Amino acid sequence: MKNYDHKDIEKKWQDTWKKSAIYTASDKTDKPKQYILDMFPYPSGEGLHVGHPKGYVATDIYSRMKRMQGFNVLHPMGWDAFGLPAENYAIKNKIHPRVAVDKNIARYKEQLSIIGFDYDWSREIDTTDPAYYRWTQWIFLQLYKKGLAYESTAPINWCPSCQTGLANEDLESDGTCERCGSVVVKKPMRQWVLKITDYADRMLADLDTLTMWPAHIKEAQRNWIGRSEGVEIDFGPIRVFTTRADTLYGATYVVLAPEHELVKTLPATNRAEVDAFVAAQKMRTEIERTAEGKEKTGVRLEGVTVINPATKEEVPVWVADYVLAHYGTGGVMGVPAHDERDYAFATKYNLPIVQVVMPCSPDPKNPPTADKPIVSRDTVIVFLKNNASGKYALLDWHESLEGITTGIMGGIESGQTADEAVLAEIREEASIPNARIVRELGWLSGAEYHASHKGENRRSIARVYLAEVDDLSKQGAIPEHEAKTHSLVWVEEGEVLNRLVPVHQKFVWQQLFKKTALTESGLLMNSGEFDGMNNEEAKKKITNHVGGRVVTKYKLQDWVFSRQRYWGEPIPIIHCAEHGAVAVPESELPVLLPEVEHYEPTGTGESPLANITAWVNAPCPTCGKMGRRETNTMPQWAGSSWYWLRFMDPTNNTAPVSPAQEKYWGPVDVYVGGDHAVRHLIYARFWHKFLYDIGVVTTVEPFARLEFLGFILAEDGKKMSKRLGNIINPDDVVAQVGADAFRMYEMFMGPFENTVAWSTHGVVGVRRFLERVWRLADTVSDISGLDTITHQTIKKVSDDIETFKFNTAVSQMMIWSNEADRAKRIPRAHYEAFLKLLAPFAPHITEELWHGLGHETSIHQESWPLYDPSQLEAEMVTIAVQVNGKLRGTILSARSAHQDEVIALAKADKVLGAKMPPAWSKIVYIPGRILNIIS
RNA sequence: GCCGGGAUGGCGGAAUGGUCUACGCAGCAGACUUAAAAUCUGUAACGCUUAAUCGCGUCUGUGGGUUCGAGUCCCACUCCCGGCACCA
């Protein structure tokens, strides 16, 4: 047989497949459907690098297997091509965006075609095609009619470099523009906004139904929606929002955001100072306000106080930069003891700190029993440092407390102050008379346990101290009655945490060195009638007590939906002097993007479309008088918010998708991609739910299963970029080792979701494997054998493709080829089954070998091999023999052998036999796996 | 800080509570070759012991626990990656 030359065969089969249209999805069939979708690409000017096709290879393999398993497979591809990157590329290269996009699409298509994908190109879509964006505009009109698209003049994010408004989702976490990195400013201007917040609850709740989505994506979505249930409570005229109503008794001040209306009207005696502070905050950008260690600044409204509705005490009112105007009510209550931010603010400005929640947990090893009440007891815990050695004194307890290690501790006796108790315990338990108290933690903390020696349930309420001693020269002998219950140990500072045993001891030790608020849950204190109550319960009770209102807030804000740029879908609205914003009649869609001379941004906050008088002037659909078209365009995300529906029915010109087609194909069975964990998936789910509500689709969620891929880094472990010159081009790899080796390597690199660096050496491994498979064709003959490994491989590869564990599927095929190679001759049926398993990964070489075996139809239309469960295990298996849990050797035994037979075999083995104990107390035998003899 | 995920040879990574390191890369030795590349074959955690094999011991981030048996389950800790972050 001639040598494996990928150049010979890949082009040939790609052409053949194209001619025979074997990958076309059928709309008329009895077969069950599989809709497998990639996140469609944005065709940029740079072309593809090896990272881009990774997800496409995965869906290609998956869809090929599904097709061979008898499914009617829809695996389409298209282009998301509106938006800033295409427009900026066009401006830079001085060509029309239309021309640039067409060129980029052609280049992408060429690059994809040489990799041998099975896309059904008859369903190709392009979001910039009027036949497509007609329906994007149609969906906008439906949103408008339902009141979900509205005009707003609230300040929005404006990128001075891109010269357009942006949605919150378009910003980096530091508040810069994600496209160009410019600092974004707040600018009030008229915008179209979509009311995505109406769907926030449903988008959050339905995440729980998405059982086939990765947990981290769902978590990212939850974070972004940012729902929090809290309470609005009135402090006189000031309404605050809080999720910690249980800490109301600890609220020692109130803070307003600088933009809060009441800041202007409350009768502060230092009005000039307050106004100056507010003005200064407005000058600062988002970045300045959030950066630089988040140092909090504020000004007190002198002479203004409000009443804490729980304590009935007057508290001061501040205005501070750390309170956000657009979240909650723009005002918060300051509870420095139990909120990190309030703690930082209160320590800076010397505001009172009152603890109202005491962390208190039952000891997990020795919890209180249910039958008796809990008796509270005031105690002290002290960590004593020896200044000479730097070590700390701990107590190892004996008798009933065996195994417990704590700081020095004991009860506060009546008539004794806490400080006295501390020094007394040090004297008694450690016999050290010359210790000094350094400081007290300041928080009380509790631990509940069952004191078995007293038959009593106790809650120890501890004050925690740090003490020191300069030297141990005055230390006496520890009296016998103390030594019986505990021994004193000196421990290095770094070891203390490891040595302390009840969790509570670890907790107080850590708190002692942390200057932070207590955010743990616990029992209430300093809270009047609520003292001793669990804080979760107290939330409801205190809310009722002060007449608070339960409310739900979201971090998610409505979607700023207009861009002041040329390259986007025109928003189909006409502004009429008399009738305001009027929808363009559906029959007049699409509103075509006009041809223009200059499509550069105007910089005035108006779209370039505003300068095209012939286009802008249009009659009002209601009254016929001349009005003006909306000149803003839609954001880049519009077209991708419904495209999976269009693939189901790409040429329909009466609806975005026909009900029959949607019912058959929906929802997407597997959706694959990366990098769009939040934005695209949030927008897509929002539009899909809206389309469900208006009856266009029949499923609540668009994507039943989501597989999120890890990226491919350059060989140097860095992100591939033109600037670093480390881009690896798939065209080069395909030319060198072939599309099949390229595809297999991308799958073999590591788990699909892992980010891994490209390795040129690594590609060689899969190429060698393919060459071995090629050579093996010469060893096919009419013999039997290789049954177990073949059936195992069929099972493993089938299961692994189904679960996206492509790396181990490839490993298993390598194992098969290694074994087949050793066997010298291969049964024809097994080789053919193997080729079918390999076909989705390496479609070209397997097609060539398949035809080489005398077949005349495509291997890709064969049916997927099935395994025989009874053939999965070999007759003879290696059994590990352990003595007392330690491996002492292995023996070869029949899989079905009985325990006694295996023991006999082990005894008979000349090496193992000598290690067998003469007698044993227990035998553990797991057939076919392990024999463990306990002597 | 909160949430999610993770830590296994020189590297990427395998491993239903049952022989840790499959598979691949790199390495080393050998074959073929004038030579190199390519290809093929073998080898391969660490320590002790041995002439060598054998043998013994130690190894899945750290410390503890459950179990006949733990990479896997439980507790605590450390570090890494990702998401969110002055969202009350």
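Note that these values count all heavy atoms, side chains included, but never hydrogens, waters or copies made by symmetry. What you are looking at is a predicted structure, and each value in this text was computed from that prediction instead of being measured. Residue numbers start from 1 in every chain, and the chains themselves are labelled A, B, ... in the order their sequence lines are given, proteins ahead of strands.
Side chain A:N932 to base B:C68: a donor-acceptor pair is found below 3.5 Å. In this model, a side-chain donor or acceptor of A:K296 finds a partner on the base of B:C86 within 3.5 Å.
Look at CZ on A:R929: it is 20 Å from P on B:C68, rounded to the nearest Å. To the nearest angstrom, P of B:C77 lies 15 Å from CH2 of A:W509. Atoms CH2 (A:W758) and P (B:G24) sit 18 Å apart, rounded to a whole Å. Going from atom CG of A:D799 over to atom P of B:A15 covers 12 Å, rounded to whole Å. Rounded to an integer number of Å, the gap from A:N818 CG to B:C40 C1' is 13 Å. Atoms NZ (A:K824) and P (B:C40) sit 13 Å apart, rounded to a whole Å. Taking atom CG of residue A:L776 and atom C1' of nucleotide B:C40, one finds them 14 Å apart after rounding to whole Å. If you measure from atom CE of A:M814 to atom P of B:G24, you get 6 Å, rounded to the nearest angstrom.
Across B:G13 and B:G71, the matching C1' atoms stand 14 Å from one another, rounded to whole Å. Taking the C1' atom of each, B:C80 and B:U62 are spaced 15 Å apart, rounded to whole Å. A gap of 13 Å separates the C1' atoms of B:U8 and B:A22, to the nearest Å. Spacing between B:A52 and B:A35 at atom C1', rounded to whole Å, works out to 36 Å. Separation of the P atoms belonging to B:C56 and B:G61 is 26 Å when rounded to the nearest angstrom. Comparing the C1' positions of B:U53 and B:U43 gives an interatomic distance of 16 Å, to the nearest angstrom. Using P as the reference atom, B:G18 and B:G24 are 24 Å apart when rounded to the nearest Å. Separation of the C1' atoms belonging to B:A45 and B:U21 is 9 Å when rounded to the nearest angstrom.
The listed nucleotides are B:U39, B:G57, B:C23; the one nearest the side chain of A:R888 is B:G57. When each of B:C20, B:G57, B:G13 is scored by its nearest atom to the side-chain atoms of A:L887, the top-ranked nucleotide is B:C20. In the set B:A85, B:A15, B:A88, B:A88 carries the atom at the smallest distance from any side-chain atom of A:V332. Comparing B:C86, B:A22, B:C84 by their closest approach to the side chain of A:I815 singles out B:A22. Considering only side-chain atoms of A:V756, the nucleotide from B:A88, B:G13, B:U19 that sits closest is B:G13. Checking B:C3, B:G18, B:G24 against the side-chain heavy atoms of A:V924 singles out B:G18 as nearest. Side-chain proximity of A:N807 to B:U41, B:G13, B:A88: nearest is B:G13. Of the listed nucleotides (B:G13, B:G12, B:G4), B:G13 has the atom at the smallest distance from the side chain of A:P751. Considering only side-chain atoms of A:D339, the nucleotide from B:A88, B:C86, B:G83 that sits closest is B:A88. Considering only the side chain of A:T808, B:A14 comes nearest among B:A85, B:A14, B:C25.
In this structure, A:K886 reaches the sugar-phosphate backbone alone: every heavy-atom distance under 4.0 Å involves primed, P, OP1 or OP2 atoms, never a base. Among the atoms of the strands shown, none is found under 4.0 Å from any heavy atom of A:D342.
As the counterpart of B:C79, B:G6 is assigned, both hydrogen-bonding distances of the Watson-Crick or G-U wobble pattern falling under 3.5 Å. B:U53 is unpaired under the criterion used here, namely a Watson-Crick or G-U wobble arrangement in which both key atom distances are under 3.5 Å.
Within 6.0 Å of atom CD in A:E340, more than 12 heavy atoms from other residues, nucleotides or ligands are found, so the atom counts as buried in its surroundings.
No salt bridge links A:E771 with A:R768; every basic N to acidic carboxylate O contact stays at or beyond 4.0 Å. Ionic pairing of A:D821 and A:R772 is present here: one or more N-O contacts between side-chain nitrogen and carboxylate oxygen are shorter than 4.0 angstrom. Salt-bridge formation is detected for the pair A:R244/A:D246: a Lys NZ or Arg NE/NH1/NH2 atom is positioned less than 4.0 Å from an Asp or Glu carboxylate oxygen.
Distances shorter than 4.0 Å separate some side-chain N or O of A:Y327 from OP1 or OP2 on B:A88. A close approach under 4.0 Å does not occur between any side-chain nitrogen or oxygen of A:R767 and OP1 or OP2 of B:C25.
For B:G9, the O4'-C1' to base torsion is within 90° of 0; the nucleotide is therefore syn.
A donor-acceptor pair under 3.5 Å is formed between the side chain of A:D800 and the backbone N or O of A:A809.
Note: A:F345 and A:Y322 have tilted aromatic rings, judged against thresholds of 30 and 60 degrees for the angle between ring planes.
When A:I233, A:T329, A:V332 are each tested for a side chain to side chain contact (heavy atoms under 4.5 Å, CB included) with A:T242, only one passes: A:I233.
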